[in-house]
Novice: 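Mind having a look at this structure? Questions to follow.
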Amino acid sequence: MELLCHQQRRTTSVLWPEDIDRRLNILVRAAAAAGERTSRAELLAALVAAVEVEPEQVAALLHRYRCLPADTLAADDDRDDLPAVRTPGPRRVASA
């Protein structure tokens with residue numbers, strides 16, 4: 001049986017608010033705290049796969065998101081209870 005998570009990959013470009021991007025990092029850290037090794041891309045895929053394809057539910061989800069106050073995710077900045085996660089790719093070299 002082929003698993004959905006092993007299908008051919010596609011690249012996508014996402015443009016969204018900075019706080020949403022930070023929230024995605026927090027969710028990856030939360031997965032790590034639960035013992036899961038994952039990536040931002042895999043977590044996004046899991047979230048998309050979890051949503052039912054029901055027009056009214058998708059519309060309600062969008063409406064709730066569009067009505068969130070700007071400071072909704074402000075508490076995410078203080079999540080010292082979650083482990084730090086290394087992101088894949090080249091490491092930045094500190095300037096001397």
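If you read the sequence from its start, that first residue is 1, and numbering goes on from there. Values reported hereafter were calculated over all heavy atoms of this structure, with side chains retained and with hydrogens, waters and symmetry mates removed.
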Novice: Check side chain to side chain donor-acceptor pair (under 3.5 Å) between R29 and all other residues, then give those that pass, not counting sequence neighbours.
Specialist: none

Novice: What heavy-atom pair brings R40 and N25 nearest, and what distance separates the two atoms?
Specialist: NH1-OD1, 2.6 Å

Novice: Identify every side-chain donor-acceptor pair in residues 68-75 under 3.5 Å, counting partners at least two apart or on other chains, and give the distances.
Specialist:
unit_1, atom_1, unit_2, atom_2, d
T72, OG1, P69, O, 2.6

Novice: Does I20 share a hydrophobic cluster with V28, counting links as ILVMFWY side-chain heavy atoms below 4.5 Å and allowing steps through other members?
Specialist: yes

Novice: Please report the closest heavy-atom contact between A30 and L82, naming both atoms and the distance.
Specialist: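 Looking at all heavy atoms of both residues, the closest pair is CA-CD2, 3.9 Å.
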
Novice: What closest approach, in Å, do S39 and E42 show between heavy atoms, and which atom pair accounts for it?
Specialist: OG-N, 3.0 Å

Novice: Identify whether L4 and L47 are in the same connected component of the hydrophobic contact network (ILVMFWY, side-chain heavy atoms under 4.5 Å).
Specialist: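 Result: no, two separate clusters.
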
Novice: Could you walk me through whether L62 and R66 pass the side chain to side chain contact (heavy atoms under 4.5 Å, CB included) test, one step at a time?
Specialist: CA-CA 6 Å; L62 279 169; R66 290 173 179 160; 4.1 Å; yes

Novice: Spell out, yes or no, whether W16 and L43 are grouped together once hydrophobic residues are joined by side-chain heavy atoms under 4.5 Å, including indirect joins.
Specialist: yes

Novice: Take atom CG of L15 as the centre, draw a 6.0 Å sphere, and report whether it contains more than 12 heavy atoms from other residues, nucleotides or ligands.
Specialist: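 12 or below, so no.
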
Novice: Test side chain to side chain contact (heavy atoms under 4.5 Å, CB included) on V85 and R37 and set out the steps.
Specialist: CA-CA 9 Å; V85 198; R37 272 187 78 177; over 6 Å; no

Novice: In sequence, state the C-alpha distance, the side-chain angles, and the governing distance for L24 and I26, and then conclude on side chain to side chain contact (heavy atoms under 4.5 Å, CB included).
Specialist: CA-CA 5 Å; L24 180 55; I26 293 292; over 6 Å; no

Novice: Please check if L27 and L44 belong to a single hydrophobic cluster, counting links between Ile, Leu, Val, Met, Phe, Trp and Tyr side chain heavy atoms closer than 4.5 Å.
Specialist: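 Result: yes, single cluster for both.
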
Novice: In Å, rounded to the nearest 0.5 Å, how long is the span from CE of M1 to NE2 of H6?
Specialist: 10.5 Å

Novice: Check whether any side-chain heavy atom of T12 lies under 4.5 Å from a side-chain heavy atom of V14, and answer yes or no.
Specialist: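 Side-chain contact under 4.5 Å: yes.
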
Novice: Determine, for R23 against D76, whether the closest basic-nitrogen to carboxylate-oxygen distance falls under 4.0 angstrom.
Specialist: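 Result for this pair is yes, salt bridge flagged.
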
